[in-house]
Amino acid sequence: MPIPAATQPPLTPVMAQRAADSDTMQDRPAAAAPFWAGWPTRTRLILIVLAIDIVAALASCGVIVLTARSAVKVEMAASLATVEPLVADTIRSLRNPNPESVLHSLDLRFQALRHVRVTILDAEGQRVGHGPADGGREVRQAPLWFVRLIEPAPRQHDLPIVVRGERIGTAAITTQPLDEIEEVWGYARSLALASLVLNLAVLAALTLALGRILRPLGRLAEGLTRLERHDYTAHLDPPASRELAVIAERFNRVAGALSEARAANGRLNRQLLTAQDDERARIALELHDEFGPCLFALEANAASVARLAAMPGDIDRSRLASRAGDIGSIVGQVQTLNRDLLNRLRPHGLGEVPLADCLNLLLRDFQRRHPETVFKGAFEGLARGYGDIVDLTVFRCIQESSTNAVRHGAARHVRASAAEQTDAAGLTTLRVSVEDDGTGITPGHRVGLGLSGMRERVEALGGRFSLDTASLDNRASGTVVRITLPIDPEREDGAVLPLPAAPQPK
């Protein structure tokens, strides 16, 4: 049911800022998940390895091409420098330097050279011999694109052929890097084939290894599914991997903690039902033992008044006054019993008067009912209230601790205190303590419903509860109950903030 605008509480600046931030987060569109988000982890890892292999292959190809181009250039220059003096030495070594025989001899001798092609031309510029004019090959192993990547610019040098001081022809020396390029192509092809086989073997091994390594993650997913279905008996065997073994150990601890929490909830539910039944039994017993006799006495006095009124003659006014006095006394006793019962069910004035006043009234009521015990309270500096839940928790804890001090500890002095404290981080807490000088906690004591109820109330609000055998005024015996509740000072309803987890005393 919506709250009318006139009755809505005003928003503080902090509350308004939080509301604005919440609206902004709700209006902000969710980031689109990448397309590979649904892929298995093993597939992603294998694709990453493939991507690395492709980048490495491209880098290797670049290095091979640059190195090969440089090597081919050097080889061509060296071959060219070697062939020129070889042609000159060949001409000088001929015994019968007949022009025609010289040209044919040179053509036959220089047809099988590598890296260069020597074309013999006569004096008229016609080629001597019947070899291919371009010196090329009919069959080429290296692909054209590879040749174009590595092949340097062709170089040609014309060397005149002079016999007896007469130029009889020309030796046209042209670089031919195809032989060197095909050697590089053969090396690159062998290297690529070996790398391909090696990478396929690595990918196959990686696929098998990742399957074994990631198998515990599948079992972890199955265990989480069991936890989601409230099956807290799930257990994971620690795998060989140290990291996954840590995850499995943490999973088993979480499953154990959830199982213990479930068992604790079951025990608390049973204790709650038992406490409700016990409270109903106590109320029924008090109604029977306290209200029953009072009602019977009222009925008897009413019958006596009726008999006095029905007697003939003058009415005995003194007896009527005595019966009226008895009735008034019984009514006062009933009112006291009724007030005590209502106060136990719901503290009178809690939430309507300041919390400190309610706690002082509580201790005064204890002092009235237990005059042999001295009750003192220190509640200065408390706010008017911290919300119904927090106020009721503080009230019940002090009430139960004082009852235990008198009933089980036979204490002669009980001191209760409550105060706000703010630490260096700005966290405000409400600290409550109840100390007594009773017999203290006996060894092997059994935690009753009262202590369990206090602990559960405090922990449900994110606070801490401790029960120690500390003494009052440094005496040899006694018990102290300490309670810490976190308070958010910016919230008007007195809601609490969860404190960091701390070990609880057993």
Side-chain angles (χ1 to χ4, degrees), residues 275-298 326 328-380 382 391-418 432-442 445 447-454 457 467 471-473 475 477-483:
Q276 291 177 348
D277 292 338
D278 292 344
E279 185 66 21
R280 293 190 182 100
R282 284 196 297 269
I283 294 175
L285 183 62
E286 290 188 6
L287 291 176
H288 180 271
D289 294 343
E290 301 292 342
F291 284 87
C294 292
L295 294 177
F296 177 77
L298 288 175
D326 293 341
S329 176
I330 296 171
V331 169
Q333 185 179 356
V334 170
Q335 288 177 342
T336 301
L337 294 174
N338 182 64
R339 184 169 53 253
D340 292 341
L341 182 60
L342 292 177
N343 190 56
R344 190 165 66 249
L345 294 176
R346 169 69 182 181
H348 179 68
L350 194 63
E352 300 178 1
V353 298
L355 176 61
D357 294 343
C358 291
L359 298 179
N360 286 321
L361 289 174
L362 174 65
L363 294 183
R364 283 201 293 269
D365 184 63
F366 268 103
Q367 187 69 64
R368 178 181 58 83
R369 290 186 284 113
H370 304 282
E372 70 281 0
T373 303
V374 178
F375 293 87
K376 295 182 179 180
F379 309 114
E380 293 79 8
L382 292 180
D391 293 350
L392 184 59
T393 299
V394 174
F395 187 92
R396 291 303 188 195
C397 289
I398 294 179
Q399 184 183 44
E400 183 65 28
S401 300
S402 301
T403 302
N404 291 338
V406 176
R407 180 181 301 172
H408 304 293
R412 294 300 179 183
H413 297 82
V414 177
R415 182 174 63 196
S417 63
V432 181
S433 66
V434 180
E435 304 173 70
D436 65 73
D437 61 351
T439 58
I441 302 175
T442 58
H445 76 287
V447 178
L449 294 178
L451 291 176
S452 299
M454 282 194 293
R457 283 178 179 271
L467 177 65
S471 61
L472 181 64
D473 297 331
R475 297 181 183 178
S477 62
T479 305
V480 58
V481 176
R482 293 188 178 91
I483 297 168

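Numbers for residues simply follow the sequence, beginning at 1. All heavy atoms count here, side chains included; hydrogens, waters and symmetry mates do not.
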Check [X] against [Y] and note the closest heavy-atom contact, atom names and distance.
{"X": "Pro371", "Y": "Arg368", "value": "CD-O, 3.9 Å"}
{"X": "His408", "Y": "Thr439", "value": "O-OG1, 3.7 Å"}
{"X": "Ile398", "Y": "Ala416", "value": "CG2-CB, 4.1 Å"}
{"X": "Ser401", "Y": "Met454", "value": "OG-SD, 3.6 Å"}
{"X": "Phe375", "Y": "Leu363", "value": "CB-O, 4.1 Å"}
{"X": "Arg412", "Y": "Asp437", "value": "N-OD1, 2.9 Å"}

[atom1] of [X] to [atom2] of [Y]: how many Å apart, nearest 0.5 Å?
{"X": "Ser417", "Y": "Arg482", "atom1": "OG", "atom2": "CZ", "value": "9.5 Å"}
{"X": "Leu298", "Y": "Phe291", "atom1": "CG", "atom2": "CZ", "value": "11.0 Å"}
{"X": "Thr479", "Y": "Glu435", "atom1": "OG1", "atom2": "CD", "value": "10.5 Å"}

- [ ] For Asn360 and Ala356, indicate whether the former's side chain and the latter's backbone hold a donor-acceptor pair under 3.5 Å.
- [x] yes
TODO: Evaluate the side-chain proximity of Thr393 to Ile483: yes if any heavy-atom separation is below 4.5 Å, no if none is.
DONE: no
Task: Close side-chain approach of Asn338 and Gln335, heavy atoms under 4.5 Å - done: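 No, every pair of side-chain atoms sits at 4.5 Å or beyond.
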Task: Candidate pair Asn404 and Val481, rule side-chain contact (heavy atoms from CB on, under 4.5 Å), full reasoning - done: CA-CA 11 Å; Asn404 291 338; Val481 176; over 6 Å; no
Open item on the list: Assess the residue pair Asp357 and Phe379 against the criterion (side-chain contact (heavy atoms from CB on, under 4.5 Å)); give the C-alpha distance rounded to whole Å, side-chain angles, the decisive distance to 0.1 Å, and a yes or no.
Closed with: CA-CA 9 Å; Asp357 294 343; Phe379 309 114; over 6 Å; no
Task: Any donor-acceptor N or O pair under 3.5 Å, side chains Arg396, Gln399 - done: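 Per modelled atom types, Arg396 and Gln399 side chains form a pair under 3.5 Å.
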Open item on the list: Quick check with a 6.0 Å cut-off and a 45 degree axis cone: is Arg369 positioned over the face of Phe366's six-membered ring?
Closed with: yes
- [ ] Would you check, one step at a time, whether the test side-chain contact (heavy atoms from CB on, under 4.5 Å) holds for Glu400 with Val434?
- [x] CA-CA 10 Å; Glu400 183 65 28; Val434 180; over 6 Å; no
